[in-house]
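Below: the structure, in structure tokens.
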Number of protein chains: 2
Amino acid sequence: MLKLSKKVEYGLMALLHMDSLEPGSLVTAKEVSDQFAIPSELLGKVLQALARASLVESVHGARGGYRLKQSLDTLTLGEVVDALEGPFHLVRCHENPATCDQFESCNIREPVLQIQDRLMGYLSAFRLAEFRSKRPAVAGKR
Amino acid sequence: MLKLSKKVEYGLMALLHMDSLEPGSLVTAKEVSDQFAIPSELLGKVLQALARASLVESVHGARGGYRLKQSLDTLTLGEVVDALEGPFHLVRCHENPATCDQFESCNIREPVLQIQDRLMGYLSAFRLAEFRSKRPAVAGKR
DNA sequence: GTATATACGACCTTTTTAGTCTGCTTTCAA
DNA sequence: TTGAAAGCAGACTAAAAAGGTCGTATATAC
Ligand code: SF4
Ligand code: SF4
């Protein structure tokens, strides 16, 4: 509970890495997976999901790869989580009431919405640019 | 990811229910589990954990049960989560670095601490009293 | 045309969560 | 004094979610 999933961690690592490259340059899933010791097929799926959500851009075929589509200054943690995990719900009934045996008698459903809203607001306000503070920009090229 | 566990939900439901009873009155795990359609053995464990953490007080033996030990005005969401799930860590390396294959190459470990701190701060600041807003206090006695 | 890359979905394995069961101890009250 | 009602503890099983793998299709540079 309340732990980042590997999907999100991998996505953040990749986004941050791309940010350190020359703007516009492409990087392949394999290159990133090698550098960060991430299973390449898995990272592939993560990057594909980020591409679907237009956080990154993909180039097909040989000499293809991925590049940032938005600056980390405008990207937020909320967008990444949403792209990789789908809409954020703190309790299951907010997606599908039928899955909860306590739905009828529940006395916390409404109040929990407050918490969820504030948490979501926080995620949406957290800009990924904060991740690169004090990290030297390492020049990298393919 | 980022979902309340049933343990925490059950704990919150029970705490909120106890708050609606006459101050000092006892309630058994069975009574609460019946009222909220929670498996009684499971709720028992939850209440036992809350007792160990001194959020509630337990009375042994026949005619025993549980009662609040602190007012919801002073109890926080952070305390409940901590009692039921243990210390809050957003990423696994903060508990045990050896369990992460990406530890050596990780470029997000430090920045994630910021997020964790703010999230934890939020949980610790959220008082359970907010849960009972606008709910009528139902008199209940055993 | 072939090598290299993304894209997608099915599948398997591992880990975590949820729930169950058994047996014990404590206490009340008949 | 004894049985029922409660809390307490831990092992166990079942279900669900997360993490990881594989096969194959498709796009593109050369
Ligand atoms: S217990 Fe209440 S809050 Fe949790 S999922 Fe069920 S209805 Fe929603
Ligand atoms: S990937 Fe980085 S942040 Fe996540 S657990 Fe491993 S070391 Fe920690």
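Since the model is a prediction, treat every value here as computed from it, not as a measurement. To find a chain, count down the sequence lines: A is the first, B the second, and so on, and within it residues start at 1.
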*Go through residues 51-62 of chain A and report each residue with a non-hydrogen atom lying under 4.0 Å from DNA chain D, sorted by number.*
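The stretch gives A:H60, A:G61, A:A62 as the residues lying under 4.0 Å from the strand, ordered by number.
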Which residues pass the side-chain hydrogen bond (donor to acceptor under 3.5 Å, both in side chains) test with [X], not counting sequence neighbours?
X	value
B:E95	A:K3
B:S71	B:D73
B:D117	none

Can you tell me how far apart [atom1] ([X]) and [atom2] ([Y]) are? Round to the nearest 0.5 Å.
X	Y	atom1	atom2	value
A:E9	B:C100	CD	SG	6.0 Å
B:Y10	A:I108	OH	CD1	10.0 Å
B:L26	B:S58	CG	OG	9.5 Å

To the nearest angstrom, how far is [X] atom [atom1] from [N] atom [atom2]?
X	N	atom1	atom2	result
B:L2	C:dT17	CG	P	13 Å
B:I38	C:dG19	CD1	P	9 Å
B:L84	C:dT17	CG	P	13 Å
A:R67	C:dT6	CZ	P	13 Å
B:H89	C:dT16	NE2	P	14 Å
A:Y66	C:dA5	OH	P	12 Å
B:K30	D:dG7	NZ	P	11 Å
A:Q48	D:dT26	CD	P	15 Å

*Sequence neighbours left out, what passes salt bridge (charged side-chain N to carboxylate O under 4.0 Å, His left out) with A:E57? Give chain and number order.*
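So A:E57 forms a salt bridge (charged side-chain N to carboxylate O under 4.0 Å, His left out) with A:R67.
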*asked:* Does the structure place the NZ or CZ of A:R118 under 6.0 Å from the centre of the six-membered ring of B:Y122, at an angle of no more than 45° from the ring's axis?
replied: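 Judged by the rule (NZ or CZ under 6.0 Å from the ring centre, within 45° of its axis), A:R118 is not positioned above B:Y122.
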*Can you figure out which of C:dA7, D:dA29, C:dA29 approaches the side chain of A:R63 most closely?*
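Ranking C:dA7, D:dA29, C:dA29 by closest atom to the A:R63 side chain puts D:dA29 first.
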_Minimum-distance pair of heavy atoms, taken over all atoms of A:Q102 and B:P39_ =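 Smallest interatomic distance, heavy atoms only, reads NE2-CD, 4.5 Å.
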_Footprint string (nucleotides 11-22 of chain D, 5' to 3'): B base within contact, S backbone only, - free, heavy atoms under 4.0 Å_ = B------SSBB-
